[in-house]
Amino acid sequence: MKYQKRQKAIILLADGTIFYGKAVGNKQGTSFGEVCFNTGMTGYQEIFTDPSYYGQLMVATNAHIGNYGTNADEVESDSIKIAGLIVKNFSYEYSRDDADGSLEEFLDKNNLLAISDVDTRALVSYIRDHGAMNAVISTDVDNVDGLKKQLADVPNMEGLELASKVSTKAPYYYGDENATYKVAALDIGIKKNILRNIAKRDAYIKVFPYNAKFEDLEAFKPDGYFLSNGPGDPEPLVEAQAVAKEIIKRNLPLFGICLGHQVIALANGVSTYKMHNGHRGINHPVKNMITGKGEITSQNHGFAVNKDEAESHPDLEVTHVHLNDDTVAGLAMKNKNCFSVQYHPEASPGPHDSSYLFDEFINNIKSKN
């Protein structure tokens with residue numbers, strides 16, 4: 001346990017509200033982003049490295065963060081993607097046999113500012129009432145006026161294109177090149193575990209940058225197409241929407257997750273909107289409207305598909321609904337080989353409630369062949 005005197009820190013919200021804490025370790029600095037919260041009891045390393053969280057200040061609602069350390073195999077990308085971390089109690093010591101280091105070391109390696117000793121219950125309650133908003137965390141506690149001026153220049157998440165910040169710069173391959181099926185994946189913030197789940201179903205994947213054209217994907221001669229999760233507002237992703245439109249037009253097997261789900265909706269003329277808080281956690285209840293079964297799901301999104309427009313669309317069917325707020329959690333096209341979900345089946349919180357979606361994708365490929 002570290003007993004050194006730690007530096008004071010603040011969380012300054014866009015509306016001027018301030019919460020207080022202390023810097024984790026000896027780290028000093030300032031970080032800006034949209035403040036949001038995740039209700040997961042575990043999985044903090046996966047959350048921190050999930051590209052969908054790019055540009056966000058993450059509030060962990062679990063009282064203790066860091067107590068089981070880190071493991072190099074438990075990452076969803078090549079680096080931490082959150083802009084900063086806010087917790088109640090930060091555990092400098094860890095107790096897990098297969099951990100390869102402490103969370104403090106992991107954060108330092110990625111140069112991430114974290115703040116602890118925060119009244120996270122009060123902060124989360126405030127965000128729930130007032131909505132997700134931009135904020136700044138800083139150890140520069142005597143410069144509130146200066147921080148306010150800098151915060152005012154930070155762009156809002158609504159209308160913000162972030163896929164280009166996290167997407168691969170060049171195409172790459174994943175899986176066994178001798179696999180039976182080939183899948184072209186558009187990377188608008190893809191998680192490693194999605195690739196694992198597709199690959200273990202006898203598929204070889206080529207991952208393309210966010211701005212790739214349909215012709216680029218088609219040149220791989222894939223059996224199916226995948227649109228990944230990712231950060232930011234889906235509306236500015238006009239290139240990804242164009243790719244989705246062309247795949248749908250040709251009635252090729254298409255599966256989308258999270259941001260990819262929203263892109264598919266936009267490609268069909270259904271609008272999206274920024275949610276008051278969003279859904280971020282590993283215990284979100286979803287009902288499959290086709291089977292009538294419930295699923296415990298992992299979710300991470302701040303935007304959603306307009307349900308009225310989706311239900312009235314002649315070519316779309318709402319296949320899944322979030323049971324907490326009745327938002328759209330899944331879509332399928334009635335006469336096309338295309339479906340999508342707003343949650344993360346690869347995260348396995350159920351743990352196997354939603355894994356059938358990857359099987360469904362492969363079955364759609366088989367039926368097309």
Side-chain angles (χ1 to χ4, degrees), residues 49-54 75-79 81 160-268 301 333 336-341 344-346 357-358 361-362 364-365 368-369:
T49 56
D50 182 349
S52 296
Y53 283 116
Y54 183 88
V75 295
E76 293 293 352
S77 66
D78 58 359
S79 65
K81 293 298 188 289
L160 196 60
E161 183 278 302
L162 293 177
S164 59
K165 306 292 186 182
V166 297
S167 177
T168 182
K169 303 302 180 187
Y172 65 91
Y173 298 91
Y174 189 96
D176 181 2
E177 62 180 341
N178 297 314
T180 303
Y181 308 106
K182 294 166 65 176
V183 172
L186 189 67
D187 176 12
I188 48 180
I190 202 163
K191 293 172 65 178
K192 286 185 177 180
N193 206 29
I194 289 176
L195 294 174
R196 293 189 194 104
N197 272 273
I198 296 175
K200 75 179 184 180
R201 288 167 169 81
D202 200 16
Y204 184 47
I205 309 157
K206 186 173 183 179
V207 183
F208 292 84
Y210 78 102
N211 57 352
K213 303 292 189 289
F214 171 76
E215 290 74 21
D216 301 326
L217 279 67
E218 184 187 31
F220 180 51
K221 297 183 179 179
D223 300 294
Y225 296 81
F226 176 76
L227 300 184
S228 82
N229 61 292
D233 192 332
E235 286 194 8
L237 298 178
V238 292
E239 292 159 312
Q241 293 170 40
V243 169
K245 287 178 181 178
E246 192 61 32
I247 296 169
I248 292 168
K249 177 183 174 182
R250 299 180 184 221
N251 195 24
L252 302 170
L254 176 61
F255 179 29
I257 288 178
C258 207
L259 186 60
H261 158 82
Q262 297 160 12
V263 167
I264 287 173
L266 289 166
N268 279 284
H301 58 101
M333 297 196 68
K336 299 287 185 178
N337 200 338
C338 170
F339 74 105
S340 61
V341 289
H344 286 270
E346 82 290 343
L357 292 162
F358 291 106
F361 178 44
I362 297 301
N364 285 352
I365 290 174
K368 184 66 176 179
N369 293 340

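All values derive from a computational prediction rather than experimental measurement.
A distance of 8.5 Å separates CE in M333 from CG in N251, rounded to the nearest 0.5 Å. Between the CG atom in L266 and the CD1 atom in I264 there is a gap of 10.5 Å [rounded to 0.5 Å]. Residue I198 holds its CD1 atom at 5.0 Å from CD1 of I205, rounded to the nearest 0.5 Å. Once rounded to the nearest 0.5 Å, the distance linking OG of S164 with OH of Y54 reads 8.5 Å. With rounding to the nearest 0.5 Å, the separation of OG1 in T168 from CG in L186 is 11.0 Å. To the nearest 0.5 Å, the span separating NZ on K192 from CG on N197 amounts to 14.5 Å.
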Requested in this report: Give the C-alpha distance, both sets of side-chain angles, the deciding distance and a yes or no for side-chain contact (heavy atoms from CB on, under 4.5 Å) between D233 and L162.
Outcome: CA-CA 8 Å; D233 192 332; L162 293 177; over 6 Å; no

Requested in this report: Could you go through the side-chain hydrogen bond (donor to acceptor under 3.5 Å, both in side chains) check for N364 and N337 one step at a time?
Outcome: CA-CA 7 Å; N364 285 352; N337 200 338; 3.3 Å; yes

Report task. Run the numbers on L217 and Y225 for side-chain contact (heavy atoms from CB on, under 4.5 Å), then give the verdict. Result -> CA-CA 8 Å; L217 279 67; Y225 296 81; 3.8 Å; yes

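Tested against V183 for a side-chain contact (heavy atoms from CB on, under 4.5 Å), the candidates F361, Y174, Y204 yield a single pass: F361.
In this structure, the side chain of S340 does not engage the main chain of G256 through any donor-acceptor pair within 3.5 Å. One N or O on the side chain of D216 and one on the backbone of K213 form a donor-acceptor pair closer than 3.5 Å. Without hydrogens or angle criteria, E161 side chain to A163 main chain gives a donor-acceptor distance under 3.5 Å. Between the T49 side chain and the E76 main chain, a donor and an acceptor come within less than 3.5 Å of each other. Proximity of a side-chain donor or acceptor of S228 to a complementary backbone N or O of D187 within less than 3.5 Å is not detected.
Pairing each heavy atom of E239 with each of Y210, the nearest pair is OE1-CE1, 4.0 Å. Heavy atoms only, all atoms of each residue included: A244 and V263 are closest at CB-CG1, 4.2 Å. Counting all heavy atoms, side chain and backbone alike, D78 lies closest to K81 at OD1-NZ, 3.0 Å. Of all heavy-atom pairs between I190 and P51, the closest is O-CG, 3.6 Å. Closest heavy-atom contact between K169 and P209: O-CG, 3.8 Å. Taking both residues in full, the closest heavy atoms of P171 and K206 are given as CB-CE, 3.7 Å, listed atom of the first, atom of the second, then distance.
Contact check for L254 versus L227: side-chain heavy atoms found under the 4.5 Å cut-off. Within the 4.5 Å cutoff, no side-chain heavy atoms of K245 are placed close to those of F214. H301 has its side chain within reach of Q262: a pair of non-hydrogen atoms, C-beta onward, lies under 4.5 Å apart. Between I257 and P345 the shortest side-chain heavy-atom distance falls below 4.5 Å.
Judged by the 6.0 Å and 45° rule, K182 forms a cation-pi pair with F220.
For Q241, there are no side-chain hydrogen bond (donor to acceptor under 3.5 Å, both in side chains) partners two or more places apart in sequence or in a different chain. Listed by chain and number, the residues in a side-chain hydrogen bond (donor to acceptor under 3.5 Å, both in side chains) with R196 are N193 (sequence neighbours excluded).
For an aromatic pair to be called close, the ring centres must be under 6.0 Å apart, and F255 with F339 satisfies this.
A donor atom on one side chain and an acceptor atom on the other are found under 3.5 Å apart for N229 and S52.
Salt bridge status for R250 with E218: present, with a side-chain N to carboxylate O gap under 4.0 Å.
Other residues, nucleotides and ligands place no more than 12 heavy atoms under 6.0 Å from the NZ atom of K165.
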